[in-house]
> 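Here's a structure for you.
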Amino acid sequence: MTQSLIPTPDEVMLRDAARGFLADASPVSALRANRAAGRPYDPGLWRDMAQMGWAGVLVPEEAGGSDMGHRAAGILAEEMGEVLAASPYLSTAVIAATALRAAAHARLSDIAGGDVTYALAVDEGTKHAPEATALRAEASGNGFRLTGQKRFVADGASATRLLVLARTSGNPGDAQGLTLFDLGAERDGLTRTARATIDSRDHAHLDLHDVAATGADVVGEVDDAMTILRPALNAGQAALAGEMLGLSAGAFGMTAAYLKERKQFGRTIGSFQALQHRAAHLWSEIEITASAIANAGRVLDETPSEAALAVSVAKARATATAKLAVSEGVQMHGGIGMTDDFDMGFFMKRARVGAEWLGDYGYHAARVAAARGF
Amino acid sequence: MTQSLIPTPDEVMLRDAARGFLADASPVSALRANRAAGRPYDPGLWRDMAQMGWAGVLVPEEAGGSDMGHRAAGILAEEMGEVLAASPYLSTAVIAATALRAAAHARLSDIAGGDVTYALAVDEGTKHAPEATALRAEASGNGFRLTGQKRFVADGASATRLLVLARTSGNPGDAQGLTLFDLGAERDGLTRTARATIDSRDHAHLDLHDVAATGADVVGEVDDAMTILRPALNAGQAALAGEMLGLSAGAFGMTAAYLKERKQFGRTIGSFQALQHRAAHLWSEIEITASAIANAGRVLDETPSEAALAVSVAKARATATAKLAVSEGVQMHGGIGMTDDFDMGFFMKRARVGAEWLGDYGYHAARVAAARGF
Amino acid sequence: MLDFSEEPERFRAGITAWIEAHCAAELRNPASGEAEICWGGKRWTFSSDAQRDWMQAAAAEGMTAPRWPVEYGGAGLTRAQDKIYREELARLNAPTPLESFGLWMLGPALLAFGTHAQKLHYLPQITRGEIRWCQGYSEPGAGSDLASVQTRAEDKGDHWVVTGSKIWTSYADRADWIFALVRTDRDAPKHKGISFMLIDMEAAGVTTRPIRLISGASPFCETFFDGVIVPKVDENGNSRIVGELNRGWDVAKHLLTHEREMIGGGARGLLGGRSLGAFLESQEPGIMADPILRAEAMTLEIDSLATAMTLERYGDMAKQGGVGDASAMLKYAGTELNKRRYELLMSITGSDGVAWDGPQGALAPDWLRTKANSIEGGTSEVMLDILSKRVLQLPTQ
Amino acid sequence: MLDFSEEPERFRAGITAWIEAHCAAELRNPASGEAEICWGGKRWTFSSDAQRDWMQAAAAEGMTAPRWPVEYGGAGLTRAQDKIYREELARLNAPTPLESFGLWMLGPALLAFGTHAQKLHYLPQITRGEIRWCQGYSEPGAGSDLASVQTRAEDKGDHWVVTGSKIWTSYADRADWIFALVRTDRDAPKHKGISFMLIDMEAAGVTTRPIRLISGASPFCETFFDGVIVPKVDENGNSRIVGELNRGWDVAKHLLTHEREMIGGGARGLLGGRSLGAFLESQEPGIMADPILRAEAMTLEIDSLATAMTLERYGDMAKQGGVGDASAMLKYAGTELNKRRYELLMSITGSDGVAWDGPQGALAPDWLRTKANSIEGGTSEVMLDILSKRVLQLPTQ
């Protein structure tokens with residue numbers, strides 16, 4: 001590893017700029033407004049993000065991107081997490097961009113320009129399991145006919161395009177025989193059903209019934225989706241971990257501030273030692289998770305083929321830390337933390353969704369154990 | 001269940017009597033003295049216990065026992081645990097007595113009289129697994145020849161008799177094909193090696209080389225040891241859980257007293273809220289474990305054939321609670337808790353041995369899951 | 001008519017016959033949920049004629065408040081008789097005829113601190129289900145510090161003028177009257193100068209606003225008092241203060257202890273929520289192959305069973321003379337366990353669990369609602385303080 | 001002779017050649033443990049000629065204290081050069097030529113607070129391995145409260161008379177001198193009136209007693225001072241007080257911070273203990289099929305790797321200007337993690353692990369020894385206090 005784990009001056013500048021922008025453009029109240037309006041995100045916000053180069057953070061400069069790398073992508077995700085900013089950033093700028101880049105795909109420049117948004121449709125059960133894909137793409141003439149269903153597709157109802165993982169050979173459970181299709185979201189036979197998820201964002205069910213696709217719709221090689229998908233999932237998992245770290249820091253920041261101002265029994269509650277120790281423990285957990293996430297970004301930038309371990313450590317830690325941060329956040333705020341008028345509930349709900357998306361704690365723990373030889 | 005979970009007046013009297021006796025006859029300093037003398041227990045103490053009817057606590061009155069039942073046996077174990085009193089009580093008065101009683105064995109009266117001590121030789125690996133028994137008892141003439149080894153045999157070096165689980169048919173892993181032998185400890189071909197275990201008690205390795213046994217040495221039926229052994233193990237596990245509950249209470253009592261007297265930074269350390277909350281949490285854990293153990297005793301007395309779930313809940317809880325009690329005990333005592341001159345280390349060491357003996361947390365957790373249908 | 005025989009089996013036979021006679025078969029449905037509870041009160045709409053008949057039949061016998069004295073509308077049952085009654089209700093799947101904060105809280109407070117005249121006036125209104133009460137203790141910003149009462153009652157000679165607000169008043173929007181802690185002496189030390197006051201919710205200046213929680217709609221309200229006039233002695237000749245003036249904290253403390261003693265039942269409810277085995281049968285097969293989920297499920301099951309045994313043991317202890325402050329442990333352990341349980345259920349259900357409208361039904365709101373368990377009715381931190389100071393007697397300095 | 005070139009690659013080449021020339025191959029053994037450490041001092045017995053030669057060669061170049069100034073016996077290396085030296089030592093499996101509390105603690109204290117004359121006298125004795133020091137801070141009964149110093153030094157004109165005792169003095173029974181906190185003004189407030197004093201362990205009235213731990217023998221001792229005479233100005237014209245009289249707490253605080261800053265290395269050692277994968281290879285097959293053990297092993301591995309990354313990140317931060325009180329987190333997290341690790345290892349080894357003489361070797365004493373990790377050098381509770389008050393700035397009242 002040649003990079004240090006502390007941010008470069010450029011990365012510090014990027015973080016400061018992102019923080020400043022998001023504080024104005026997308027405080028937590030924006031998520032509340034999205035919820036009230038029944039929209040998963042504010043298209044204007046996404047336009048602004050694209051203009052700042054965030055949509056193209058992982059797109060090569062020759063395709064119009066800013067090509068800042070995975071560490072930078074993680075920093076942006078972290079800042080978004082801190083204020084719960086909703087956008088198609090992870091699905092489009094991180095996951096789809098990494099997949100299309102691995103396939104040297106022409107639509108990369110559309111991503112960088114903010115002209116297209118993507119959703120990745122992988123899972124069919126309640127848990128993340130790409131290899132379990134059963135949705136069939138049957139060869140038909142020069143192309144394919146896709147039939148099956150996908151669940152928990154983040155940004156699936158709002159995206160203009162869908163990356164759909166389908167089985168072209170073999171059986172559910174095989175890592176081989178999978179093919180990744182890049183389909184327009186309005187294609188005939190494709191039905192999208194938005195789910196009312198607790199984080200007030202867009203997670204859809206997809207039903208595909210005899211959907212036509214051509215060879216040009218295939219990303220990468222037929223029967224070999226994992227070569228393209230694995231780096232994309234790693235990138236998405238690391239950035240999601242970054243978002244959850246930001247979320248943890250955001251929840252902790254609210255809690256620490258409350259501990260300093262709130263008075264009970266004639267004392268500032270932050271002076272109660274039992275709460276102090278719990279706060280210090282939580283802060284320690286956040287710091288340790290931050291290191292795992294900095295490392296995941298570094299490995300993705302430097303030796304992406306070896307990223308699985310670092311990414312899974314990051315995602316597992318981020319899941320556990322966010323759970324602790326929001327639990328302590330609600331408990332330490334007392335009754336007010338339970339009210340919908342207060343923001344802490346939004347953090348708790350997003351933490352739960354983030355815990356499941358792209359692999360839960362157990363999924364990543366199993367990857368760590370495998371990498372560590374037990 | 002007809003019995004209440006709170007002790008009867010008789011049980012309260014038994015507890016008070018046991019506590020009074022043990023405080024005089026076997027304070028923790030007695031364990032220290034045993035260690036210095038290199039003996040696993042004080043034979044005089046065991047004689048006194050037998051005279052009080054403790055050796056016959058599970059022996060029918062017609063065989064000279066006091067037949068007080070498993071709740072009473074657990075109460076005695078708990079009081080012994082509180083002061084770390086070492087004796088062959090669990091191996092002899094609980095485990096062997098239950099086994100011999102299930103087989104209506106004549107030697108029960110020797111147990112009640114304190115004339116014989118037993119050790120149960122079951123495990124051959126590092127974890128409790130009766131079915132894994134590989135030690136063979138080959139039919140030979142009218143009898144058997146036993147060859148193999150046993151590990152971690154509690155009281156195995158000092159007992160006058162040994163209950164040895166041997167395989168008479170089938171393969172390691174089968175619950176059937178096991179036979180329980182009752183052998184004099186000095187029988188030819190049997191070598192006992194005392195191990196220096198951290199709790200300063202007697203745990204031995206046994207090596208059996210062509211040891212002769214007759215049909216009269218078989219307890220219960222050939223090939224069907226589990227019918228006899230299962231109740232004996234349940235009884236032993238429940239009583240061991242009781243011992244560990246007492247151990248937890250003993251460690252907690254020392255800790256709570258220290259919190260009330262020790263001063264640091266100009267304050268009694270028990271006034272620090274972080275320590276208060278941890279102490280209150282530990283106390284809660286001990287109370288909850290006490291309920292599980294009272295229930296295990298009740299089920300063993302009332303419906304012993306259904307005891308597995310209640311016993312495993314008790315042993316698992318006792319293991320976890322004792323670990324917490326001794327960890328907090330050492331940490332809250334600070335440096336002094338680490339010194340050999342102080343008693344807390346004895347509690348920590350016995351808790352670790354108790355955690356492993358007769359099934360660790362995972363063993364009992366698996367039994368609970370199986371009983372609860374998952 | 002009920003046979004109040006002291007001979008247990010005769011009493012049991014009588015009570016069984018009486019329940020079967022008055023509680024219609026349509027009510028005796030084990031699946032009845034929250035919606036079937038009869039709360040009573042002026043604005044109550046019975047869910048069915050059967051519900052009304054059952055409540056009225058019970059009230060006529062004093063069986064809506066079985067252990068209260070007969071002269072105040074109760075049935076005067078002994079503890080043993082009451083136990084038999086509860087057992088038979090449960091066995092026959094019969095709902096309790098009436099539930100209310102009047103029965104649970106105001107009644108015990110009046111019985112302990114009220115005048116004979118107050119009891120004669122208010123208690124039968126409660127047992128007959130005529131008046132529905134709500135509780136006004138907590139105030140916005142006060143949190144666990146219940147004695148931090150800012151709502152003030154100004155002495156205007158023959159009446160009080162009450163100004164302030166209360167929070168977490170369950171069902172205030174449906175209640176007829178409120179029993180509230182108000183500050184009647186602003187110069188006294190914090191725990192003094194508080195009175196326990198009875199206020200008509202129809203009085204001018206009383207308004208309520210429902211509180212939405214992170215889990216969705218809730219029975220909780222904020223209740224506002226804007227110059228509400230409360231007579232010192234009302235048209236029935238009764239004082240509107242229970243207990244002594246400025247000694248309302250004594251009444252409140254008594255009720256808080258009473259509440260914790262009752263928590264056994266509540267904690268049992270927490271544990272009863274969902275059987276893990278049954279829950280798992282409806283999940284994707286193989287989900288428990290994950291050692292992380294499996295280990296947590298095993299540990300949770302062990303702790304749940306041990307906690308259930310603790311509720312039973314403490315129940316037995318309570319019958320033998322009470323458990324005192326140690327009951328704070330049941331609140332602490334039960335609510336923390338329930339949070340763990342729902343975290344696990346959410347993990348098991350994966351992406352299905354995170355949808356409001358998913359196949360797991362109300363799992364997500366239930367999960368979020370558990371987060372309040374360790375806050376309402378005394379936070380876990382307050383429980384640990386009680387245990388460490390009063391049970392373990394750890395020093396304060 | 002060493003080439004102290006500032007050009008890194010030339011420096012590296014020079015240092016490599018120098019190590020290879022002076023540190024015999026027999027010393028360069030990755031398996032060397034505790035027994036191979038060279039502590040020096042008057043009573044030191046070298047484990048081999050090679051150990052003596054290596055220490056003396058290093059001392060001659062100032063390389064036993066590479067970053068100390070040359071005039072005080074050091075080599076005056078820059079931070080970058082020192083890093084290269086450490087890297088090459090590790091790469092060549094060469095032991096550091098000398099370890100001591102003089103190098104780690106007294107030296108830094110003297111460099112920061114000592115007079116030029118004190119430095120000239122004491123520091124070269126340390127770098128040459130002639131004098132072995134021990135540390136006398138803690139006192140029996142004082143625990144975490146280091147400022148609670150009862151050992152008193154009475155002013156007798158030209159000398160002090162020291163009476164009292166110290167505890168947890170590592171290797172006091174093998175040390176030549178002790179640096180100790182003593183109370184020189186009994187009327188001053190607690191943190192005042194303490195002085196940082198240098199005392200010859202051969203002086204009349206100094207005795208030591210080893211401390212046995214629950215894990216077995218230990219390097220710790222109790223050290224007793226019974227009317228020990230300490231000259232105010234000794235035969236070399238030096239004061240035996242470091243820093244100002246009665247301001248010893250400043251020196252101690254400086255060293256405590258210094259110690260925590262160094263903890264990165266120590267915590268790395270905690271993490272490096274045993275690789276779980278390698279450890280498991282020597283265990284019974286199938287042991288990790290238990291979901292309880294497996295889940296704990298997975299979680300521990302995740303936390304260990306994240307903590308290792310944190311040590312690296314904090315190391316980088318320290319190079320960029322220090323991490324200050326946040327380093328308390330490394331102590332807290334590293335020691336608590338290490339306790340978890342050894343609890344797991346003990347569980348994995350089952351009945352083999354509980355024997356002193358079993359096939360797991362020193363596992364049981366190592367496990368017990370980890371329990372002290374979160375006590376010595378500042379308890380976990382003290383670390384959490386530091387984090388909450390100084391890093392999170394939570395209020396004190």
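Model, not experiment: these values are computed from the prediction. Order of the sequence lines fixes the chain letters, A, B, ..., with proteins taken first and strands second; residue numbering starts at 1 for each chain.
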> Could you state the interatomic distance from CG (B/Leu282) to OG (C/Ser388), rounded to the nearest 0.5 Å?
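Rounded to the nearest 0.5 Å, the CG-OG separation comes out at 12.5 Å.
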> Who among B/Arg267, B/Arg278, B/Lys263 has the most heavy-atom pairs with chain C under 4.5 Å?
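Most heavy-atom pairs within the cutoff with chain C belong to B/Arg267.
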> Side chain of B/Lys260, backbone of C/Leu392: donor and acceptor closer than 3.5 Å?
yes
> Flag the pair B/Ile293 / C/Met309 as yes when at least one side-chain heavy-atom distance between them is below 4.5 Å, and no otherwise.
no
> Can you tell me how far OG1 of C/Thr307 sits from CD1 of B/Ile288, rounded to the nearest 0.5 angstrom?
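If we round to the nearest 0.5 Å, B/Ile288:CD1 and C/Thr307:OG1 are 4.0 Å apart.
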> Is C/Glu281 in contact with chain B via its backbone, its side chain, both, or neither, using a 4.5 Å heavy-atom distance?
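For C/Glu281, neither part sits under 4.5 Å from chain B.
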> Sort C/Ser380 into side chain, backbone, both or neither according to what part of it lies under 4.5 angstrom from a heavy atom of chain B.
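When you check distances to chain B, no heavy atom of C/Ser380 falls under 4.5 Å.
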> At a heavy-atom separation under 4.5 Å, does C/Ala295 approach chain B through its side chain, its backbone, both, or neither?
neither
> B/His364 versus C/Met298: any side-chain heavy-atom pair under 4.5 Å?
no
> Are there residues of residues 365-374 of chain B that reach to under 4.5 Å of chain C by heavy atoms, and which ones?
B/Ala365, B/Ala366, B/Val368, B/Ala369, B/Arg372, B/Phe374
> Please check this pair: side chain of C/Asp316 against backbone of B/Leu5, looking for a donor-acceptor N/O pair closer than 3.5 Å.
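Yes; at least one donor-acceptor contact below 3.5 Å.
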> Could you tell me which portion of C/Ile302 (side chain, backbone, both or neither) has an atom closer than 4.5 angstrom to a non-hydrogen atom of chain B?
both
> Check whether any side-chain heavy atom of C/Thr396 sits under 4.5 Å from a side-chain heavy atom of B/Ser271, and report yes or no.
no
> Could you check whether atom NZ of C/Lys253 has more than 12 heavy atoms from other residues, nucleotides or ligands sitting under 6.0 Å from it?
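Not buried by this count: 12 neighbours or fewer within 6.0 Å.
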> For C/Glu381, which atoms come within 4.5 Å of any heavy atom of chain B: side chain, backbone, both, or neither?
both
> With a 4.5 angstrom heavy-atom cut-off, could you sort out which part of B/Phe272 is near chain C: side chain, backbone, both or neither?
neither
> For B/Leu309, which atoms come within 4.5 Å of any heavy atom of chain C: side chain, backbone, both, or neither?
side chain
> Heavy atoms only, distances under 4.5 angstrom: which of B/Gly362, B/Gly270, B/Ala292, B/Ser312 has the most pairs with chain C? Name it, please.
B/Gly270
> Do B/Gln273 and C/Asp385 get their side chains close enough for a donor-acceptor pair, meaning under 3.5 Å?
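Yes, C/Asp385 and B/Gln273 have a side-chain donor paired with an acceptor closer than 3.5 Å.
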> What heavy-atom pair brings C/Leu305 and B/Val313 nearest, and what distance separates the two atoms?
CD1-CG2, 3.7 Å
> If we define contacts as heavy-atom pairs under 4.5 Å, which of C/Thr299, C/Val391, C/Leu394 has the most with chain B?
C/Leu394
> Between C/Gln320 and B/Ile6, is there a side-chain heavy-atom distance shorter than 4.5 Å?
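Yes, at least one pair of side-chain atoms sits under 4.5 Å.
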> Distance check, rounded to the nearest 0.5 Å: B/His281 atom NE2 versus C/Leu384 atom CG?
8.5 Å
> Is chain C contacted by the side chain of B/Ala310, its backbone, both, or neither, given a heavy-atom distance below 4.5 Å?
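No part of it gets close to chain C.
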> For the OG atom of B/Ser284 and the CG atom of C/Leu387, what is their distance to the nearest 0.5 Å?
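Output value for this atom pair is 5.0 Å.
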